[in-house]
Structures are given as structure tokens and as C-alpha cells.
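Below you'll find the structure, written out as C-alpha cells, and then a few comments.
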Protein chains: 2
Amino acid sequence: MAQNTAIKVNETSRSAVGRDGVLDIAARLFREQGYGSVSLRKIAEAAGIKAGSIYYHFGSKDEIVAAVLDAGIRVVHASMRDAITDLRADTDGETVLRAAIRAHLHALLDVSDYTSANVRIFGQVPQSVRDANLPTRRAYEAEWDSLLSQLKKDGTLKQDVDIRRLRLMLIGTLNATLDWFDPDRGSADALSRTYADVFLNGILQRQDT
Amino acid sequence: MAQNTAIKVNETSRSAVGRDGVLDIAARLFREQGYGSVSLRKIAEAAGIKAGSIYYHFGSKDEIVAAVLDAGIRVVHASMRDAITDLRADTDGETVLRAAIRAHLHALLDVSDYTSANVRIFGQVPQSVRDANLPTRRAYEAEWDSLLSQLKKDGTLKQDVDIRRLRLMLIGTLNATLDWFDPDRGSADALSRTYADVFLNGILQRQDT
DNA sequence: TTATTAACCTAACAGGCATTAGTTTGGCGT
DNA sequence: ACGCCAAACTAATGCCTGTTAGGTTAATAA
């Protein structure tokens, strides 16, 4: 997200944070502290500018948080889609699903303040901001539903699973990780393997074989 | 939580909401709107009193939210413990785990504004309030760890599961339900069965048998 | 050199916030 | 009938919030 806009960006004054810089900092603060306790003055201070200056880049606080939310979904969507698109066409269903889970968790825990901020504050922002984020969300959800439907059709998944419910459960589980994950206690990658193991095979000791 | 305190409660003026009434209303508003957008004035208005009057019952806003958080855990803890205690001593492990999952989801979705408020706002409240809630939380977590450890010992669960990680995953998944659950689309009870099915057996089509 | 402009600053605004102190009400036990 | 006291009210405090209008800087383009 720190990438330049299409137009050339002028390295003006000594330290110009610019729109993207403000957005980066806002995303980080939202992830760390939640929505309610992050004021424009806090964002400005962290960016090294004054609160009023933010209005040069954004029309309102809602516009900032909406931009953060949207970028958050777009990042994790791209991460997940790339992960499953990069696989060979004949990859087995289980491997594809594992890759999707790993990609989501990777974006959430390792890569993006935007994605983690989205998960963290979505339930705290004004209704209008939530609504504005819905189309982007639905596109990501559709990507999952498409994947899960295919896995069901090709016999990877049980035939009695409810796609929507499974997707809600799956993403809900992955996102909930944000509340307790500590990178010092284990990698997101190892965690994603545990998640996949549980979802695919369950935790019950099996007496077959 | 609307129960009277040990001491006799005097039905004083025409409509005395009292401490418990204020707390009930606060819990409901916190569940519905989150922490940040619920002011003392909103709570007071919903209770039919003025904002300042709340200070007769509570010393601060933090004290209110702390009381809500604590009650939330105590309710779900009691629900879960009762559910597994009521079972016969020779009940098989799978059934016990299913009962625990059902009880947690029942408290969260069907019964208690306090429990749902806790899950919803815990990540939004001041650090000091979170800390005050930790002991109660740890007690509930210990109950789960105890149950899961026993199920692992008696061979119900796979021997390579990490208890702590499984508990975090399990409770995280159940709590995440709060973000999307719609009672019009299905009961919490049916949902708990789906959850248990997935966690116990996984979603993979099996080619054994 | 001059004009332009992106990026910032200053200073103030009205409104909402939690909190406080002092006052009033009205039912209960005596 | 009297006094007590739980449970409310009124009115004000200072602080923080998002937001606005108008002024400043400094680098670039002509």
C-alpha cells in the first residue's frame, strides 16, 4: 500500500508523508488500538504532521477508515487468489485448500496492517462505512465460495457440507487468530498447517486402519 | 443477571431500574453497538434516567463495563460446566465435547447479552478493564483445557493435538459466530452440531469403509 | 526570476464526553 | 406523623473530538 500512485509523486519538502503515508500509519494504529481510541490527532502525530493537515488528503475520518478497510480486503483477496492460481492445474483439492488457508493467514498475520486492521475494527466503525466496504467483501467471499464449491463438486469435500456456512466458519476461525496470535510462540505458517489439519481431518482419534 | 442481590431489594419508586437494571441495559447496548459508541448518556436514556444518576450505582464507566465483562464470562462458564457435569459419568468423550460446544454457543447466541457483549467489546475496552477481566477468563480457559486434556488422555482425541492451541481455535471459532449469526437462518443448536461435526471429523470426503 | 501548486500549519468552532457536587423526591419503618 | 435513605435530578466542570477557514512554505515549471 505504500506504493506510489499512478501519477508521478513529487518528493517535495524534507519529509512529505503524503496520502499513502497517512494511510499506512492509520492502518497500523487501527490494528494496534482499535477504531474508537484512534483520533485524527493521534494519526497526525504519528505521521509527524498536524491534525488539520489530514484534510488536505482526505475529506473526513470516515474516508480514511473506509480506504483502510477496502485495502485490507483487497490485499488478502489478492494473496489468496494468487496462492491458488499459482498452483498447477492438476493439483489435488486438499493442497489447494491448504494453500488458500495459508495465504489468508499470511496476509492477516505476517503482511498487512490493512487486513488486520479491517478484521479488528470492522465491527466498530459506523454503519455507513461498513456498508461501503461490503462490495469488496462480497467479492472475496465469492472467491471462497467458488473454491469450496469446486472442491465439493470434485469429491474432495463431503457432499453434505453447506458452502456458505463452511466459508463463514473457516474465515471466522482464521480471523479470530488475530486476538491471540503471538509471533514469538509460533509462525503463521505452522499455525495454518494446524488449522488445515483440523478442518480437513478433525481432531477425533480414528480406530479404522 | 437480572436476579436480585442477596440482600432484599426494595421496590422503591414507581420505576426503579436499580443497579441490575442499568447493568442489563448496558450489556444489551454494548452487544448491539460496541463499546465506543455507547455513552453513559445513552445507557441512562435507555434506562429512563439521567446520566449523572448512574453514579449512584457505579463509580465510573469502567466499573460498568468491567461488571458486564465479568458477568459475561461467568455466565458462559456456568453454562458450559453445568452441561458437562450433568452428563452421566460413563458418557463417551465425543458426546461430552459436543455438549460443551453446544453450551458455549447457547450462552453466546441464545441466552446472554453479557456473554455476547464480552466477546464483542473485549478488544475495544481500555487495557486496565481488560486486565481486570483476565482472571475470570483464565478460569474459564482452564475449564476447557481440563476437559480437552482428559479427552486426550482417554484416547478420544488424537495424541498430537496441542491443548492450548486447540482451545484457542475452538473458542475463537465459536465466538466468531457472533459476527454473522442470524437466528432467522438457523438455530444455534443446529449450528453447534455442524461445528462439532467439522471439528471432530473434518470436512474431507473419506475413501475408507 | 516569477508563478504555480502540493503539502503543510495555525487557530478556532461546536458538540459530545465522563465526571462532580449539591439538591430533590417519595416510600418505609417506627 | 416523622425522619431516614435509596434513588433519582440539575447544573456545571474541563477535556477531547472531528472539522473548517485562511495563511505559510518550499520545490518545481516557465
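Below, chain A is the first sequence line, B the second, and so on; all start at residue 1. Only this structure's heavy atoms are used, side chains among them; waters, hydrogens and symmetry mates stay out.
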Whole-Å distance between [N] [atom2] and [X] [atom1]?
X      : N       : atom1 : atom2 : value
E45(B) : dC9(D)  : CD    : P     : 12 Å
K50(B) : dT25(C) : NZ    : C1'   : 14 Å
D20(B) : dA6(D)  : CG    : C1'   : 15 Å
I49(B) : dT10(D) : CD1   : C1'   : 14 Å
I43(B) : dC17(C) : CD1   : P     : 11 Å

- Could you tell me whether the phosphate oxygens of dC17(C), OP1 or OP2, come under 4.0 Å of any side-chain nitrogen or oxygen in S39(B)?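 So the side chain of S39(B) is within the cut-off, an N or O lying under 4.0 Å from OP1 or OP2 of dC17(C).
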- Could you check which residues of residues 53-65 of chain A get a heavy atom under 4.0 Å from DNA chain D? Sort them by number, please.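 Result for residues 53-65 of chain A: Y55(A), S60(A), K61(A), sorted by number.
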- Message: Please determine whether salt bridge (charged side-chain N to carboxylate O under 4.0 Å, His left out) holds for the pair R41(A) and E45(A), giving the CA-CA distance in whole Å, both sets of side-chain angles, and the decisive distance to 0.1 Å.
- Response: CA-CA 6 Å; R41(A) 285 172 171 81; E45(A) 191 188 15; over 6 Å; no
- Task: Compare every heavy atom of L29(A) with every heavy atom of A46(A), then report the nearest pair and how far apart it is.
- Result: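 Nearest heavy atoms, A46(A) then L29(A): CB-CD1, 4.1 Å.
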- Message: Return whichever of V38(A) or V22(B) has its heavy-atom-nearest nucleotide of DNA chain D closer to the 5' end.
- Response: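 Nearer the 5' end of the strand: V22(B).
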- Query: Does the dG18(D) base have a donor-acceptor partner in the side chain of R41(A) within less than 3.5 Å?
  - Reply: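 Answer is yes: a donor-acceptor pair is held.
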- Query: Any Lys/Arg nitrogen of R193(A) or D189(A) sitting under 4.0 Å from an Asp/Glu carboxylate oxygen of the other?
  - Reply: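 Yes, charged N to carboxylate O under 4.0 Å.
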- Query: Between F122(A) and R137(A), is there a cation-pi geometry (under 6.0 Å to ring centre, at most 45° from the normal)?
  - Reply: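 R137(A) over F122(A) ring: yes.
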- Task: Identify whether NZ of Lys or CZ of Arg in K61(A) sits under 6.0 Å from the centre of the six-membered ring of Y55(A) and within 45° of that ring's axis.
- Result: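 The answer is no; the distance or angle limit is not met.
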- Item | Whether H77(A) and Y140(A) hold their rings parallel, tilted or perpendicular, with breakpoints at 30° and 60° |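 Tilted, since the angle between the ring planes falls between 30° and 60°.
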